[in-house]
Amino acid sequence: RPRALSGIQPTAGSFHLGNYLGAIRQYVALQETHDAFYMVVDLHAITVPQDPATLRANTRLAAAQLLAAGLDPDRCTLFVQSHVPEHAQLGWVMNCLTGFGEASRMTQFKDKSAKQGADRSTVGLFTYPILQVADILLYQADAVPVGEDQRQHIELTRDLAERFNSRFGGTFTIPAPHIVREVAKIYDLQDPTAKMSKSAATPKGLVNLLDEPSVSAKKFRSAVTDTDTVIRFDETDKPGVSNLLTIHSALTGTTVAALEESYAGKGYGALKTDLAEIFVAWVTPFRERTQEYLGDPETLDSVLAKGAEKARAVAAETLATAYDRIGLLPAK
Ligand code: ATP
Ligand code: MG
């Protein structure tokens, strides 16, 4: 079986609809075809300030949501990044292989440090894509399910894997991004030209999976569209309507073309109200399942402990090979 690897940050508590449609749904699908490793990337979360108690709680909450979304510990390996120390260890090696200019070109860093204020952003935020490189290469991943915003980091991973392999001999599998075009970028409901993101300008455009469903329903009903009246998919001229069609299609499995046909002659209000209902029907059982997993922290922690053990076996082997190839003297 080919390998899949991905990670998700526990920073905001609740995942949002972009995380689910762009990434988590693909995690669930790839369990069936891949030897899949998924982790809650707490080491990435600390690239920006975190309250310790909140971070700990959010890490469990992230794992509970992943299970509620359909990850099955019998069919994939689910773990917490910091439980596998090899991530930080290979991360250092990769730091030493990356050019400063190369790292400076990462647009995620530019965006995030701009939001933080350049003076306040950490060196950790600057090098986090390189830790991500290590995350992926440790598992010899073939496929990395992510949203469009991560494409550049997967490119960096490929470059560094190739660089390491050509300098020190074949060690790492060259991974490819697994990006599902239709849902690769879900947009903010208030600013449909911006990616839906935890750190949205206004919470009105961000659909959190764990929010009260009535709150999310209201966000759908007040989504920004345009002054036209036709329900048609056109990302350039009608980004708001197109985003709603994308979400509708992803949640119902109806093609966008079929939606355009069934909404012919109807107004935007009908699309928004329907979508609000569809979302609430989907999210209600998701929230219940999340609460069930959270209500049983012993089981949750034991799932994560088993996951870490399985992950470590793979990661330790890769790290040992990499250390050996670069000439680090083995400890006797
Ligand atoms: P941040 O804004 O802090 O980076 P995030 O919302 O991007 O947070 P991450 O944990 O960085 O959350 O991303 C988890 C996964 O969700 C990644 O694979 C990312 O590509 C994907 N993702 C995030 N936002 C979207 C979106 N709006 N549409 C599709 N996929 C997304
Ligand atoms: Mg992100």
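In listed order, ligands and their atoms are each counted from 1.
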K.L.:
Show me which atoms of ligand 1 lie under 4.0 Å from any heavy atom of I8.
P.N.:
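Once the distances to I8 are compared, the set is 10 (O), 14 (C).
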
K.L.:
Look at the rings of Y139 and F79 and say which category their plane angle falls in: under 30° parallel, 30 to 60° tilted, over 60° perpendicular.
P.N.:
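Because their plane-to-plane angle lies in the 30° to 60° range, the rings of Y139 and F79 count as tilted.
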
K.L.:
Using a strict cut-off of 4.0 Å, indicate which atoms of ligand 1 neighbour a heavy atom of N19.
P.N.:
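In order of number, 5 (P), 6 (O), 12 (O), 13 (O), 14 (C), 15 (C), 16 (O), 22 (N), 23 (C), 24 (N).
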
K.L.:
Would you say K204 has more than 12 foreign heavy atoms packed within less than 6.0 Å of its NZ?
P.N.:
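At most 12 heavy atoms, drawn from other residues, nucleotides or ligands, come within 6.0 Å of this atom.
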
K.L.:
For ligand 1, which atoms, with element, lie under 4.0 Å from some heavy atom of I186?
P.N.:
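It comes down to these atoms of ligand 1: 26 (C), 27 (N), 28 (N), 29 (C).
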
K.L.:
Can you tell whether the side chains of R232 and D237 come within less than 4.0 Å, N to carboxylate O?
P.N.:
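Salt bridge absent between R232 and D237.
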
K.L.:
Which one holds for V41 and ligand 1: side chain close, backbone close, both close, or neither close, with close meaning a heavy atom under 4.0 Å?
P.N.:
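The answer is neither; V41 stays 4.0 Å or more away.
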
K.L.:
Hey, is S199 touching ligand 1 through its side chain, its backbone, both or neither, going by heavy atoms under 4.0 Å?
P.N.:
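The answer is the side chain of S199.
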
K.L.:
Please state which part of D149 comes within less than 4.0 Å of ligand 1, counting heavy atoms only: side chain, backbone, both or neither.
P.N.:
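The part of D149 near ligand 1 is the side chain, not the backbone.
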
K.L.:
Look at the rings of W282 and F286 and say which category their plane angle falls in: under 30° parallel, 30 to 60° tilted, over 60° perpendicular.
P.N.:
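Geometry flag for F286 against W282: parallel rings.
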
K.L.:
Taking the non-hydrogen atoms of H44, is any one of them nearer than 4.0 angstrom to ligand 1?
P.N.:
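Under 4.0 Å: no for H44.
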
K.L.:
Examine Y20 together with F15 and report whether their ring centres are nearer than 6.0 Å.
P.N.:
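Not under 6.0 Å, so no.
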
K.L.:
Do K238 and T225 have side-chain N/O donor and acceptor atoms under 3.5 Å apart?
P.N.:
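The criterion, which ignores hydrogens and geometry beyond distance, is not satisfied for T225 and K238.
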
K.L.:
Among Q150, H87, Q108, which residue satisfies the side chain to side chain donor-acceptor pair (under 3.5 Å) criterion with Q132?
P.N.:
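It is Q150; the other options fail the test.
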
K.L.:
Any N or O of T11 that comes nearer than 3.5 Å to an N or O of ligand 1?
P.N.:
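No; every N/O pair is 3.5 Å or more apart.
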
K.L.:
Who passes ring pair (Phe, Tyr, Trp, His ring centres under 6.0 Å) against Y128, sequence neighbours left out?
P.N.:
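Applying ring pair (Phe, Tyr, Trp, His ring centres under 6.0 Å) to Y128 gives H44, H153.
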
K.L.:
Going by an N to O cut-off under 4.0 Å, is there a salt bridge joining D149 and K195?
P.N.:
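Salt bridge between D149 and K195, a charged N being under 4.0 Å from a carboxylate O: yes.
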
K.L.:
Which ligand 1 atoms does G22 reach within 4.0 Å, using its non-hydrogen atoms?
P.N.:
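Near G22, the atoms of ligand 1 are 29 (C), 30 (N).
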
K.L.:
Distance to 0.1 Å, residue and atom name: give those for the protein heavy atom nearest to atom 23 (C) of ligand 1.
P.N.:
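In this structure, atom 23 (C) of ligand 1 has K195 NZ, 3.1 Å as its nearest protein heavy atom.
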
K.L.:
Report the part of E148 in contact with ligand 1, treating N, CA, C, O as backbone and CB onward as side chain, heavy atoms under 4.0 Å; options are side chain, backbone, both, neither.
P.N.:
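No part of E148 comes within reach of ligand 1.
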
K.L.:
Which atoms of ligand 1 have any heavy atom of Q150 under 4.0 Å away?
P.N.:
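In order of number, 20 (O).
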
K.L.:
With a cutoff of 4.0 Å, is I24 in contact with ligand 1, counting heavy atoms of the residue only?
P.N.:
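No, that is not the case, since the closest heavy atom of the residue is not under 4.0 Å from the ligand.
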
K.L.:
Is it the case that D42 and S82 place a side-chain donor and acceptor less than 3.5 Å from each other?
P.N.:
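On atom types as modelled, these side chains qualify, holding a pair under 3.5 Å.
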
K.L.:
Quiz question: by atom type and distance under 3.5 Å, do the side chains of Q116 and S121 form a donor-acceptor pair?
P.N.:
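Their side chains do not contain a donor-acceptor pair, so the 3.5 Å distance test is not met.
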
K.L.:
Give the contacting part of K198 toward ligand 1: side chain, backbone, both or neither, where contact means a heavy-atom distance below 4.0 Å.
P.N.:
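For K198, the contact with ligand 1 is made by both the backbone and the side chain.
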
K.L.:
Report, in ascending order of atom number, the atoms of ligand 1 lying under 4.0 Å from any heavy atom of A23.
P.N.:
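That gives atoms 15 (C), 16 (O), 18 (O) of ligand 1.
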
K.L.:
With a cut-off of 4.0 Å, which atoms of ligand 1 are near a heavy atom of S197?
P.N.:
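Those of ligand 1 that fall under 4.0 Å from S197 are 2 (O).
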
K.L.:
Counting from 1, what ligand 1 atoms have a heavy atom of A184 closer than 4.0 Å?
P.N.:
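Taking each heavy atom of A184 in turn, ligand 1 has 28 (N), 29 (C), 30 (N) under 4.0 Å.
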
K.L.:
Using a 3.5 Å cut-off on N or O atoms only, is G18 in polar contact with ligand 1?
P.N.:
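Checking ligand 1 against G18, an N or O pair does fall under 3.5 Å apart.
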
